[in-house]
Amino acid sequence: MGIKRISTLSQKFLKVAANDFTVLWCSMNNDIRRLLPNAPYQDMRTEALCGYMMLELLKEHNRKMDELIMERCGHHDCAPNPTLDSLRDALDAYISPDKLVLSDNARLSVKILYNKLSQMDFVNEKP
């Protein structure tokens, strides 16, 4: 039941946030083109930057869920996911986000997506 609920809510989130993902992509694409005007494969760098930011959102979301689990259960024994860490490292190496300063539009797009994700109720049993 729990996995089905997560799957259903994930699909709902993708529908609700579709426009926000488009704004995020365009904002990040503009940032890449502004900061790295002659860099090859700018669209691929944009995709990588969007993926990197989604992994950052996932990391923040997991941190908050870990806190919730600790609060409700008193213990938490979740292991880190080395695959996600490796993916993040690969994206990091490809786009060099430490050299990239995101515009206010891009940062706001990320915050909007995270707020919409935070509003999804993955905990309660009601559909």
Side-chain angles (χ1 to χ4, degrees):
M1 273 307 253
I3 292 173
K4 184 176 180 181
R5 178 169 176 73
I6 290 170
S7 177
T8 302
L9 287 174
S10 297
Q11 293 301 316
K12 180 180 175 185
F13 172 71
L14 288 175
K15 288 177 186 173
V16 168
N19 291 337
D20 299 315
F21 279 113
T22 302
V23 171
L24 174 70
W25 191 93
C26 291
S27 298
M28 296 214 175
N29 187 266
N30 287 338
D31 288 351
I32 296 275
R33 291 180 186 281
R34 178 177 46 85
L35 296 168
L36 306 168
N38 298 322
Y41 310 112
Q42 289 181 336
D43 287 345
M44 289 173 57
R45 289 179 192 277
T46 300
E47 297 287 336
L49 181 57
C50 288
Y52 180 86
M53 293 310 297
M54 292 299 102
L55 287 172
E56 288 296 306
L57 283 180
L58 178 62
K59 186 177 176 183
E60 177 64 18
H61 182 71
N62 284 344
R63 186 188 64 74
K64 288 187 177 185
M65 291 300 105
D66 290 347
E67 289 175 5
L68 179 66
I69 291 168
M70 283 295 293
E71 177 185 306
R72 290 189 177 188
C73 299
H75 63 86
H76 180 54
D77 55 355
C78 182
N81 188 332
T83 304
L84 290 179
D85 293 340
S86 295
L87 177 58
R88 186 181 177 282
D89 291 345
L91 293 172
D92 180 49
Y94 185 70
I95 57 174
S96 300
D98 54 322
K99 297 177 186 174
L100 191 62
V101 178
L102 294 178
S103 66
D104 290 340
N105 287 341
R107 284 195 306 266
L108 182 60
S109 296
V110 170
K111 285 182 182 179
I112 288 170
L113 281 168
Y114 187 72
N115 285 341
K116 285 189 177 181
L117 178 63
S118 296
Q119 291 172 1
M120 303 298 288
D121 188 2
F122 289 94
V123 178
N124 293 320
E125 295 301 320
K126 61 185 176 191

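Below, each value reflects all heavy atoms present in this structure, side chains not excepted, and no hydrogens, waters or symmetry copies. Everything quoted here is computed from the prediction, not taken from an experiment.
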| message | Show, in sequence, the C-alpha distance, side-chain angles and deciding distance for Asp104 and Arg107, and conclude whether the salt bridge (charged side-chain N to carboxylate O under 4.0 Å, His left out) test is met. | response | CA-CA 5 Å; Asp104 290 340; Arg107 284 195 306 266; 2.3 Å; yes
| remark: d(Ser86 OG, Asp92 CG) to nearest 0.5 Å is 12.0 Å
| note | Looking only at heavy atoms, the pair that brings Met54 and Leu113 closest together is CE-CD1, 3.8 Å
Pairs under 3.5 angstrom only: tabulate donor-acceptor contacts from the side chains of residues 13-25 to other protein residues two or more places apart or in another chain.
| from | atom 1 | to | atom 2 | distance (Å) |
| --- | --- | --- | --- | --- |
| Asp20 | OD2 | Lys116 | NZ | 2.5 |
| Thr22 | OG1 | Ala18 | O | 3.2 |
| Trp25 | NE1 | Glu47 | OE2 | 2.8 |

| message | Using the rule side-chain hydrogen bond (donor to acceptor under 3.5 Å, both in side chains), only one of Asp31, Asn29, Asn30 pairs with Arg33; which is it? | response | Asn29
| query | Is there a chain of hydrophobic side chains (I, L, V, M, F, W, Y, each step under 4.5 Å between heavy atoms) that links Val110 to Tyr114? | reply | yes
| request: Would you check if the side chain of Arg88 reaches a backbone N or O of Gly51 as a donor-acceptor pair within less than 3.5 Å? | output: no
| Hphob cluster co-occupancy, Leu58 + Tyr94, side-chain heavy atoms under 4.5 angstrom | yes
| field | Nearest-0.5 Å distance, OH of residue Tyr52 to CG of residue Leu57 | value | 11.5 Å
| request: Give, for atom CG of Leu35 and atom CD of Gln42, the distance between the pair rounded to the nearest 0.5 Å. | output: 10.5 Å
| request: Run the numbers on Lys64 and Glu67 for salt bridge (charged side-chain N to carboxylate O under 4.0 Å, His left out), then give the verdict. | output: CA-CA 5 Å; Lys64 288 187 177 185; Glu67 289 175 5; over 6 Å; no
| said: I want to check something: taking the side chain as every heavy atom from C-beta on, are Met53 and Ser109 in contact at a cut-off of under 4.5 Å? | reply: no
| Between Arg45 and Ala39, which heavy-atom pair has the shortest distance, and what is it? | NE-CB, 3.8 Å
| query | Pick one: which of Gln11, Lys4, Arg5 meets side chain to side chain contact (heavy atoms under 4.5 Å, CB included) with Thr8? | reply | Lys4
| request: Show your working on side chain to side chain contact (heavy atoms under 4.5 Å, CB included) between Lys59 and Leu84 and close with a plain yes or no. | output: CA-CA 9 Å; Lys59 186 177 176 183; Leu84 290 179; over 6 Å; no
| Pairwise side-chain contact, Asn81 with Asp85, heavy-atom cut-off 4.5 Å (strictly under) | no
| field | Partner of Met28 by side chain to side chain contact (heavy atoms under 4.5 Å, CB included), out of Asn105, Ile95, Leu49 | value | Leu49
| said: As an exercise, state the distance from CG of Leu55 to CG of Leu87, rounded to the nearest 0.5 Å. | reply: 5.0 Å
